[in-house]
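One structure is given below, encoded as structure tokens.
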Amino acid sequence: MIDISLIRENPDRIKAACANKREPDVIDGILAADAERRALQAEGDELRHRQKDISAQVAGAFSSGNRELAESLKAEAKALSEEIKALDERQRLVEAEWSALLLKVPNLPAPEVPVGDASANIVVRSWGERPGFDFEPRNHIEIGRTLGILDMELGAKVAGSGFSLLLGDGARMSRALIALMLDIHREAGFREIAPPHLANRAAMTGTAQIPKLEADMYHVPDEDLFLIPTAEVPITNLHAGEVIPEAKLPIYYAGHTANFRKEAGSYGADTRGLLRVHQFDKVELVKFSHPDRSWEEHESLLAEAEKVLRALELPYRVVLLSTGDMSFASAKVYDLELWASGENRWLEVSSCSNFLDFQSRRANIRMRPEDGSALRFVHTLNASGVALPRLLVAIWENYQTSRGTVRIPAALRPYMHGQEEISPTV
RNA sequence: GGAGAGGUGGCCGAGCGGCUGAAGGCAGCUGCCUGCUAAGCAGUUGUGCGGGCAACCGCACCCCGGGUUCGAAUCCCGGCCUCUCCGCCA
């Protein structure tokens, strides 16, 4: 969340950020609640001070045998105690309102982020050549059906519409890609994590899925648990409530999980095949950074995600998202988009975000500086490295042949026992 | 799922309902001392909120949330977590 003192000192700047991020403006409500909260606390502290003082005199009065004085002090303290209780109740309500509103304020976009909607996004660079074909390239749904490696109907049969099901070499390729990606990241110092696929409400609030995205997550009511929409949630919350010694930073983690998203309201766009499904695998990269060095860490994190696409020799571009297109919690986001020849368009396979101290304030993740100065919030970052379904789409569509087969990228062959091609299964 | 034990500061560990933000030890920091290392002596070392330019002052925090009481780390209730035993199970 945003530092309350920043809101007090510069409300207009926060309001502008809300507008640019297309988020409702709750700043005036926060300022009002904040003022009331502070007044109530000052009043309560003063009453508690007096109450403590009188209480302390009770024992003395008793031991010196002055019963009457003791009883009158008790009565006085009792009256104060009731006054305090009433005040506490009001303070609790005001504070609940205050913090609920505070959780709805988005992070501030970094200065270099273009203001506007998706049309203001900037293509930072491109890599690789789009493949040429001397035939009409097919899309991944046709390829999947022909090769017997993807069956959306079966996914719908056992779970529902929007659940994919990979078969045979499709499932194998998915597994191989996960291994390849984790190996790449391990090489770069990312510690592998296999976290729970469910997370509690506190964790979801810490990384800011709650409150904004609560309705988009699958929920287990009995335990108040949520199926994770990204491994960012369990991994970032690994250090929730901790104070990390400065020397331990930065910390890098990589984890593979399934991810679950209702995708409510997104019907009509990208609904075909693997482009937008309710459950998908992803390798996620998470960094805990020294607060003074997160911008360098952001660039190197982007480069880390790019490694995967380069290893697989897939043409991609890097897009700097505008204020209106970026996520609630982020200060700056690069998207990685793969070219998919059958879809004939770019597909987002990774978001690489710097959250600065936005998540660490919520999850209370701090750093103890070596020079003994005050604790500071660390910075958190994450990137997909990368999402599986659209990666499969791009590989199948870009590596398809006129014979109807799919060549396996060279880097992936060692992970598939040297297999070079996926052919139709009978 | 059933039965029991327990959750105190960076760590270990004490704590008759009041003078305990919390003994003692360890670790850390600062001085002093010692020809190196070690030892020794003295002091010091939590976090958050509110107020003040500031030294500082007030309040809160002994897993979390309620309750009893003039007063709770200490008593009562609920929850969470850890450990042991039994049952069940990939």
Rounded distance in Å - [atom1] ([X]) to [atom2] ([N]):
X	N	atom1	atom2	value
A:Glu89	B:G67	CD	P	9 Å
A:Asp371	B:G28	CG	P	19 Å
A:Lys52	B:C59	NZ	P	4 Å
A:Arg92	B:G65	CZ	C1'	10 Å
A:Arg48	B:C61	CZ	C1'	12 Å
A:Arg368	B:G10	CZ	C1'	8 Å
A:Gln91	B:C59	CD	C1'	10 Å
A:Asp224	B:C80	CG	C1'	13 Å

Tell me which nucleotide, if any, is Watson-Crick or G-U wobble paired with [N] when both distances must be under 3.5 Å.
N	value
B:G4	B:C83
B:A60	B:U47
B:C36	none
B:A73	none
B:C26	B:G10

Can you tell me which nucleotide in [options] comes closest to the side chain of [X]?
X	options	answer
A:Lys85	B:G71, B:C59, B:U68	B:U68
A:Ala77	B:C70, B:U47, B:G66	B:C70
A:Lys78	B:U68, B:U69, B:U47	B:U69

Describe the nucleic acid contact of [X] in one word from base, sugar-phosphate, nothing, applying a heavy-atom distance below 4.0 Å.
X	value
A:Gln51	sugar-phosphate
A:Leu375	sugar-phosphate
A:Arg8	sugar-phosphate
A:Arg37	sugar-phosphate

Worksheet entry | Test of ring centre spacing under 6.0 Å for A:Tyr252 and A:His185 | no

For [N] and [M], measure between their [atom1] atoms and round to the nearest Å.
N	M	atom1	value
B:C41	B:G48	C1'	36 Å
B:G15	B:G6	P	13 Å
B:C75	B:G18	P	12 Å
B:G31	B:U82	C1'	43 Å
B:G52	B:C77	P	44 Å

Worksheet item: RNA chain B: A:Ala56 or A:Arg38, which has the more 5' nearest nucleotide?
Response: A:Ala56

Response to the item:
Closest to the 5' end of RNA chain B, once A:Arg366 and A:Lys74 are matched to their nearest nucleotides, is A:Arg366

Fill in: Carboxylate-amine/guanidinium proximity below 4.0 Å for A:Arg37 and A:Glu97
no

Worksheet entry | Salt bridge present between A:Glu95 and A:Arg92 (N-O < 4.0 angstrom) | no

Practice prompt. Evaluate the side-chain hydrogen bond (donor to acceptor under 3.5 Å, both in side chains) criterion for residues A:Ser330 and A:Asn107: first the C-alpha distance (whole Å), next the side-chain angles of each, then the deciding distance (0.1 Å), finally the verdict.
Written response: CA-CA 6 Å; A:Ser330 48; A:Asn107 201 356; over 6 Å; no

Worksheet item: How far does CE of A:Met367 sit from NE2 of A:His290, to the nearest 0.5 angstrom?
Response: 4.0 Å

Fill in: Minimal non-hydrogen separation, A:Leu73 against A:Ile54, with atom names
O-CG2, 3.5 Å

